[in-house]
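What follows is a single structure, written as C-alpha cells, with notes after it.
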Amino acid sequence: MALMTGVQVLIVLSLYAVCHLSLVEAMARRELLQKLVARVNAEGPYVGIVVPNSYEMSPLLNSSIFTPYSTSPIDLSGRRFYIGTIESHKVIIVMTGLSMLNAGITTQTLLDYFDISGIVHYGIAGNTNDNLHIGDITIPKYWAHTGLWNWQRYEDGPDDELSLEENGDFTREIGYIHFGNYNNPPKKRDNYLNNVWFQPEEVFPVTGTPEVREHHFWVPVDKTYLKIAKQIKDIELVSCVNASFCLQTPPKVVIVERGVSSNIFLDNAAYRGFLRKKFNISPIDMESASVALVSLTNNVPFIAIRALSDLAGGSSNENEASIFASLAATNAVIVMTNFIKNI
Ligand SMILES: *[C@@H]1O[C@H](CO)[C@@H](O)[C@H](O)[C@H]1NC(C)=O
Ligand SMILES: *[C@@H]1O[C@H](CO)[C@@H](O)[C@H](O)[C@H]1NC(C)=O
C-alpha cells in the first residue's frame with residue numbers, strides 16, 4: 001500500500017477529529033439529559049398523562065390548567081415530555097402520535113425514564129353504544145386490543161384447531177368473525193375470507209420471569225382510579241361547537257363496561273355493530289388498549305377517559321368527527337383535570 005501524502009493524512013486526522021468531537025458532544029448531551037431527568041425525578045412521583053394527538057393535547061397546553069416547571073419540556077426518543085402541575089398535582093404530559101405502536105413506545109419511554117405513580121390517558125373516540133351520545137365522556141372498566149388475529153385457513157371452522165394453537169401461541173377462547181354474514185355460524189364454505197379469531201396479547205410483566213409470558217385480552221383499569229372516576233359529577237362541560245350549534249343532548253360523564261382499540265380508524269357500520277354486539281363495548285379508538293397493556297406490563301395504575309366525537313360509521317353524517325372533535329377534546333381535558341384534582 002502506498003504511503004499517504006501529507007494532504008491525505010490531514011484529511012484522515014480532521015475526519016477523526018470531527019467524529020471524535022461529535023461523539024464527545026453526544027456523550028455530553030446524554031449526561032446533561034440524565035442530570036435533567038434525575039432533577040425531575042427528585043421532585044417525583046408524577047402522574048403520567050398520555051395523549052394521542054396534538055388536537056387533544058393543545059386544549060390542555062394552551063390553557064392555564066397546566067403550569068410547567070423550569071425543567072420542562074424534556075425531549076427523549078422523538079417525544080416531548082412536559083413536566084409541571086395540574087391543580088397542584090405533579091404531572092408529566094406526553095403526546096404519543098397515532099395508534100398502538102406509538103402509544104406503546106411512548107408509554108414505555110415515559111415509564112422507563114420518569115418516576116410515575118400512575119397513568120391517565122385521555123382523548124376522543126368513536127361511539128358504538130346507541131344509548132350514548134356524541135359529546136359524552138366515557139370511562140370504561142376494561143380495555144382490549146381487538147387487532148391481534150389468527151386468520152383461519154379456508155374451509156376450517158370453529159371445530160378446527162388453529163395454527164400453532166398446540167404450542168399455546170393462539171387460542172379460540174375469545175371468538176371469531178366470519179366474513180360474509182357474521183350473524184350465521186360459519187358452517188357454509190361461502191367465503192374465501194373465512195374466519196379470523198381474536199387473540200389475547202402476550203404480556204411480559206416486569207415483576208415476572210423474563211421471557212415468561214401471560215395472556216391478556218380484557219385489561220381492567222385501576223380500582224382506585226375507577227373509584228375516583230365515579231366521583232366525577234356535576235362538572236361543567238362544553239356543549240356548543242359555536243354560538244349557533246350545540247349538542248342536542250348535554251354531554252355527561254359515564255362509566256361504561258368496555259372499550260377497544262386497534263390500528264384501525266373505524267368508519268364502518270357493520271364492523272361497529274359486530275364489535276358492539278360481540279364485546280359489549282362503548283368507545284373505540286386506536287391507543288387506549290395499548291397504554292393499558294403497557295401499564296399492566298409495568299404494574300402501574302391506569303385509566304382512560306375518552307370523549308365520543310363520532311359514531312364510528314354508525315350514522316349518515318360523514319363529517320361528525322371533524323365537527324365534534326374539538327368539543328370532545330376540550331371536554332376530555334375538563335374531565336381529566338377533574339380526575340387529577342381528585343387523586
Ligand atoms: C395551541 O398553541 C399552539 C402553539 O403553541 C398552536 O399552534 C395551536 O393552534 C393552539 N391551539 C389552540 C386550540 O388554541
Ligand atoms: C357553527 O358550527 C357549525 C358546525 O361546524 C357550522 O356549520 C356553522 O357554520 C358554525 N357557525 C358559525 C356562526 O360559525
Side-chain angles (χ1 to χ4, degrees), residues 49-66 82 86 93-100 102-103 120-140 229 232-256 259-273 275-276 281-288 291 304-340:
I49 299 180
V50 177
V51 196
N53 292 296
S54 57
Y55 57 82
E56 290 148 322
M57 191 169 67
S58 292
L60 171 59
L61 292 185
N62 291 10
S63 67
S64 52
I65 299 166
F66 173 67
Y82 301 88
I86 291 177
I93 303 160
V94 64
M95 188 189 101
T96 68
L98 187 69
S99 222
M100 303 294 277
N102 277 324
V120 180
H121 176 63
Y122 79 84
I124 66 172
N127 175 30
T128 68
N129 180 348
D130 292 334
N131 302 319
L132 301 177
H133 298 97
I134 285 183
D136 287 347
I137 295 91
T138 58
I139 304 177
I232 300 176
K233 278 188 204 110
D234 308 326
I235 54 169
E236 210 171 307
L237 295 164
V238 179
S239 54
C240 293
V241 172
N242 56 37
S244 55
F245 191 66
C246 297
L247 294 170
Q248 283 167 355
T249 316
K252 57 184 187 302
V253 181
V254 272
I255 308 290
V256 295
V260 295
S261 319
S262 73
N263 285 334
I264 299 169
F265 183 89
L266 183 63
D267 201 4
N268 181 278
Y271 193 51
R272 170 191 191 264
L275 286 177
R276 166 74 186 160
I281 59 165
S282 294
I284 179 160
D285 68 34
M286 301 174 73
E287 295 86 14
S288 297
V291 183
I305 297 162
R306 285 281 187 160
L308 307 175
S309 65
D310 61 84
L311 295 183
S315 89
S316 54
N317 187 346
E318 288 174 21
N319 297 318
E320 64 207 358
S322 56
I323 295 171
F324 295 107
S326 152
L327 179 146
T330 302
N331 280 337
V333 169
I334 294 171
V335 175
M336 179 278 292
T337 305
N338 206 273
F339 178 87
I340 297 285

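If you read the sequence from its start, that first residue is 1, and numbering goes on from there. Atoms within a ligand are numbered from 1 in the order they appear, just like the ligands themselves.
Side-chain atoms of Y122 come within 3.5 Å of backbone N or O of E56 as a donor-acceptor pair. Side-chain N or O atoms of S239 include none that pairs as donor or acceptor with a backbone N or O of P250 at under 3.5 Å. Remark: the backbone N or O of M100 is paired with a side-chain donor or acceptor of N263 at under 3.5 angstrom.
Taking 4.0 Å as the cut-off, S244 counts as a neighbour of ligand 2 on heavy-atom distance.
If you check which protein heavy atom lies closest to atom 4 (C) of ligand 2, you get F245 CD2, 3.7 Å. Ranking the protein heavy atoms by distance from atom 5 (O) of ligand 2 puts I323 CG2, 3.8 Å first.
Within the 4.5 Å cutoff, no side-chain heavy atoms of I49 are placed close to those of F66.
For atom 14 (O) of ligand 2, the protein comes within 4.0 Å by at least one heavy atom. Protein non-hydrogen atoms do reach within 4.0 Å of atom 11 (N) of ligand 2.
Of all the atoms in ligand 2, the ones that sit under 4.0 Å from a non-hydrogen atom of N242 are 1 (C), 2 (O), 3 (C), 8 (C), 10 (C), 11 (N), 12 (C), 14 (O).
With hydrogens and angles left out, the side-chain atoms of T96 and N102 include no donor and acceptor closer than 3.5 Å.
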